[in-house]
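What follows is a single structure, written as structure tokens, with notes after it.
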Amino acid sequence: QLQASGGGSVQPGGSLRLSCAASGRTFSNTMAWFRQPPGKEREFVGASRRSAGSAFNQYYAASVKGRFIISRDNAKITMYLQMSSLKLEDTAVYYCAATSRTPIVSSLSDASIYEYWGQGTLVTVSS
């Protein structure tokens, strides 16, 4: 129900855009990106959470804030992750996740609140 795409190889300082398309009965009041670096645990990257009406707010991990931007195309139920100024440590498998709920902001980084997960797309940053 979630399909992530757009991964690939890029040099440090480069840019890449990931997409996460939702289908079927996936509800996406809140959508998020997580990543799992080689040999490490999965970590929160950022989230897009519904606020009032049709508006969404974005939240980011400190490690990517200012370099990554999350956006959404609600008509297509697609979320994007625009990654810029990529660093070696951004190398990871990136996963998108979604929930029908609108959780409190402090819980957005908790992977257990998301019911739906994409299959992951690999981003490799190397020189």
Side-chain angles (χ1 to χ4, degrees):
Q1 291 178 319
L2 292 178
Q3 182 72 33
S5 62
S9 296
V10 63
Q11 293 185 336
S15 299
L16 207 58
R17 189 177 83 155
L18 306 183
S19 300
C20 175
S23 62
R25 298 184 61 185
T26 302
F27 299 101
S28 56
N29 280 337
T30 302
M31 298 182 75
W33 289 99
F34 286 78
R35 67 185 182 186
Q36 186 163 17
K40 297 184 178 180
E41 294 186 352
R42 190 173 299 189
E43 61 186 31
F44 174 74
V45 174
S48 175
R49 173 185 177 274
R50 184 185 294 274
S51 58
S54 59
F56 291 84
N57 290 329
Q58 279 62 246
Y59 304 87
Y60 301 94
S63 60
V64 305
K65 195 169 186 179
R67 300 188 298 121
F68 291 9
I69 297 174
I70 292 173
S71 60
R72 299 174 65 132
D73 182 334
N74 291 316
K76 299 179 181 178
I77 318 179
T78 300
M79 175 178 64
Y80 304 97
L81 181 66
Q82 178 67 50
M83 304 183 293
S84 303
S85 302
L86 283 162
K87 304 176 180 179
L88 296 175
E89 53 265 39
D90 293 319
T91 294
V93 177
Y94 284 72
Y95 298 89
C96 59
T99 175
S100 58
R101 297 185 290 268
T102 308
I104 58 174
V105 173
S106 60
S107 68
L108 291 174
S109 59
D110 182 357
S112 67
I113 70 170
Y114 298 93
E115 304 102 281
Y116 308 101
W117 288 85
Q119 83 288 3
T121 185
L122 177 62
V123 173
T124 302
V125 184
S126 68
S127 54

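The first residue in the sequence is number 1, and the count goes up from there. Side chains are part of it too, since the values below use all heavy atoms of this structure and drop only hydrogens, waters and symmetry mates.
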Exercise for review: Anything under 30° is parallel, anything over 60° is perpendicular, the rest tilted; go ahead and classify F68 against Y94.
Suggested key: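 Tilted.
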
Taking the side chain as every heavy atom from C-beta outward, state whether [X] and [Y] have any pair of such atoms under 4.5 Å apart.
| X | Y | result |
| --- | --- | --- |
| T30 | F56 | no |
| I69 | Q58 | no |
| R101 | S107 | no |

Exercise for review: Go through the side-chain N and O atoms of Q11 and S127 and say whether any donor and acceptor fall under 3.5 Å apart.
Suggested key: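 There is no such pair (donor and acceptor under 3.5 Å, judged by atom type) between the side chains of Q11 and S127.
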
Exercise for review: Give a yes-or-no answer on whether the side chains of Q82 and S71 include a donor-acceptor pair shorter than 3.5 Å.
Suggested key: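 S71 and Q82 do not have a side-chain donor-acceptor pair below 3.5 Å.
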
**Study point:** side chain to side chain contact (heavy atoms under 4.5 Å, CB included) evaluation trace for L108 with Y114
**Key:** CA-CA 9 Å; L108 291 174; Y114 298 93; 3.9 Å; yes

Exercise for review: Taking side chain to side chain contact (heavy atoms under 4.5 Å, CB included) as the test, write out the residues that go with S109, two or more places apart.
Suggested key: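 If we apply the side chain to side chain contact (heavy atoms under 4.5 Å, CB included) test to S109, skipping adjacent residues, the hits are F44.
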
Practice item. Please step through side chain to side chain contact (heavy atoms under 4.5 Å, CB included) for the pair M31 and C96, ending with a clear verdict. Key: CA-CA 7 Å; M31 298 182 75; C96 59; 5.7 Å; no

Check your understanding: Hey, mind stepping through C20 and L2 against side chain to side chain contact (heavy atoms under 4.5 Å, CB included) and telling me if it holds?
Key -> CA-CA 6 Å; C20 175; L2 292 178; 4.0 Å; yes

Can you give me the closest heavy-atom contact between [X] and [Y], atom names plus distance?
| X | Y | value |
| --- | --- | --- |
| A47 | I70 | N-CD1, 3.3 Å |
| Y80 | D73 | CE1-CB, 4.0 Å |
| V125 | T91 | N-OG1, 2.9 Å |

**Study point:** Under the salt bridge (Lys or Arg N to Asp or Glu O under 4.0 Å) test, residues paired with R42 that sit two or more places apart
**Key:**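 Residues passing salt bridge (Lys or Arg N to Asp or Glu O under 4.0 Å) with R42: none at all.
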
